[in-house]
Amino acid sequence: MAELFDTHAHLDFPAFDEDRDEVIGRAREAGGRRIVTIGSGGGTESSRRAIAVADTDPDIWATVGVHPHDAKLMDEDAIAGLAELAKANSKVVGLGEIGLDYYRDLSPQKLQR
């Protein structure tokens with residue numbers, strides 16, 4: 001069986017609080033050996049949760065970021081907080097969720113940029 005590396009998971013989502021270990025186990029049974037869980041919203045809270053999940057397993061890493069839908073929640077302090085999270089933890093391997101989402105337009109385009 002090929003070894004897979006999931007580069008975009010959301011293991012930090014509260015929906016996985018009850019069975020996160022089982023979800024990770026099923027991923028491994030299907031060939032998923034390494035996982036990056038993505039910090040994606042709610043200010044910096046999702047990024048903090050993603051790091052906490054990554055800290056529980058040597059084959060899980062995290063990113064820090066904010067989904068464009070939550071751009072309206074960000075300010076200079078929150079951006080500095082994400083930068084600090086990225087620097088402070090060796091399990092952080094990237095920045096994201098980050099980008100532009102003009103389709104749903106849930107945060108003003110100027111703030112997303």
Side-chain angles (χ1 to χ4, degrees):
M1 176 184 299
E3 287 192 8
L4 304 174
F5 194 134
D6 186 341
T7 62
H8 194 115
H10 290 284
L11 295 173
D12 69 291
F13 280 9
F16 294 115
D17 287 350
E18 297 287 322
D19 64 349
R20 186 172 290 109
D21 291 338
E22 290 84 4
V23 169
I24 294 167
R26 287 193 302 273
R28 286 195 171 119
E29 288 172 13
R33 298 294 176 252
R34 293 171 180 82
I35 301 171
V36 176
T37 189
I38 307 298
S40 64
T44 60
E45 188 55 36
S46 178
S47 294
R48 291 178 191 284
R49 289 192 319 261
I51 292 168
V53 170
D55 281 341
T56 68
D57 190 297
D59 293 325
I60 299 176
W61 292 269
T63 68
V64 298
V66 172
H67 193 280
H69 295 203
D70 290 331
K72 60 187 170 275
L73 302 175
M74 297 304 290
D75 58 19
E76 292 300 319
D77 289 338
I79 292 168
L82 287 176
E84 193 58 37
L85 285 173
K87 291 179 199 174
N89 194 300
S90 64
K91 297 294 293 232
V92 175
V93 295
L95 302 175
E97 183 115 13
I98 293 176
L100 304 172
D101 188 334
Y102 293 171
Y103 177 74
R104 291 186 181 86
D105 228 10
L106 298 178
S107 276
Q109 293 180 7
K110 182 178 179 182
L111 290 176
Q112 291 183 47
R113 284 191 300 275

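Any value given below was found using the heavy atoms of this structure, including those in side chains, with hydrogens, waters and symmetry copies removed. Just so it is clear, the structure is predicted and the values come from calculations on it, not from any experiment.
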Quiz item: In Å and rounded to the nearest 0.5 Å, what is the OG1 to CG distance from T44 to L73?
Solution: 10.0 Å
Quiz item: Honestly curious: do W61 and V92 fall in one hydrophobic cluster under the side-chain, below-4.5 Å linking rule?
Solution: no
Quiz item: Taking all non-hydrogen atoms of both residues, which atom of G65 and which atom of S47 are closest, and how far apart?
Solution: N-OG, 3.0 Å
Self-check item: Y102 atom OH: more than 12 heavy-atom contacts under 6.0 Å
Solution: yes
Quiz prompt | Closest non-hydrogen atom pair between T37 and A50, with its separation | solution = CG2-O, 3.5 Å
Quiz item: Would you say L95 and V64 make side-chain contact, with heavy atoms under 4.5 Å?
Solution: yes
Quiz item: Under 3.5 Å, is there a donor-acceptor pair between the side chain of D19 and the main chain of E22?
Solution: no
Exercise. Indicate if I51 and V36 have the same hydrophobic cluster label, given that clusters are the connected sets of ILVMFWY residues with side-chain heavy-atom separations under 4.5 angstrom.
Key: no
Self-check item: Distance in Å, I38 CD1 paired with I98 CD1, rounded so as to fall on 0.5 Å steps
Solution: 10.0 Å
Quiz item: What are the two closest non-hydrogen atoms of M74 and I79, and how far apart are they?
Solution: CE-N, 3.7 Å
Quiz prompt | Side chains of D21 and T56 in contact at under 4.5 Å (non-hydrogen atoms) | solution = no
Quiz prompt | Straight-line distance of R33 CZ to I60 CD1, nearest 0.5 Å | solution = 13.0 Å
Exercise. Please round to the nearest 0.5 Å and tell me the distance separating atom CD of Q112 and atom CG of L106.
Key: 8.5 Å
Quiz item: Are H67 and D101 side-chain neighbours, meaning at least one heavy-atom pair lies under 4.5 Å?
Solution: yes
Practice problem: Working to the nearest 0.5 Å, report the span between CD of E45 and CG of D70. | Solution: 12.0 Å
Quiz item: Would R20 and D57 pass as an ion pair if we require N to O under 4.0 Å?
Solution: no
If you look only at distance, which donor and acceptor atoms sit under 3.5 Å apart when one is on a side chain in residues 4-16 and the other is two or more places apart or in another chain?
residue : atom : partner : partner atom : Å
D6      : OD1  : H8      : N            : 2.9
H8      : NE2  : H10     : NE2          : 3.1
H8      : NE2  : E97     : OE1          : 3.2
D12     : OD2  : S46     : OG           : 2.7
D12     : OD2  : R49     : NH2          : 3.1

Quiz prompt | S107 side chain vs K72 backbone, donor-acceptor pair below 3.5 Å | solution = yes
Quiz item: Is there side-chain contact between Q109 and L100, with heavy atoms separated by less than 4.5 Å?
Solution: no
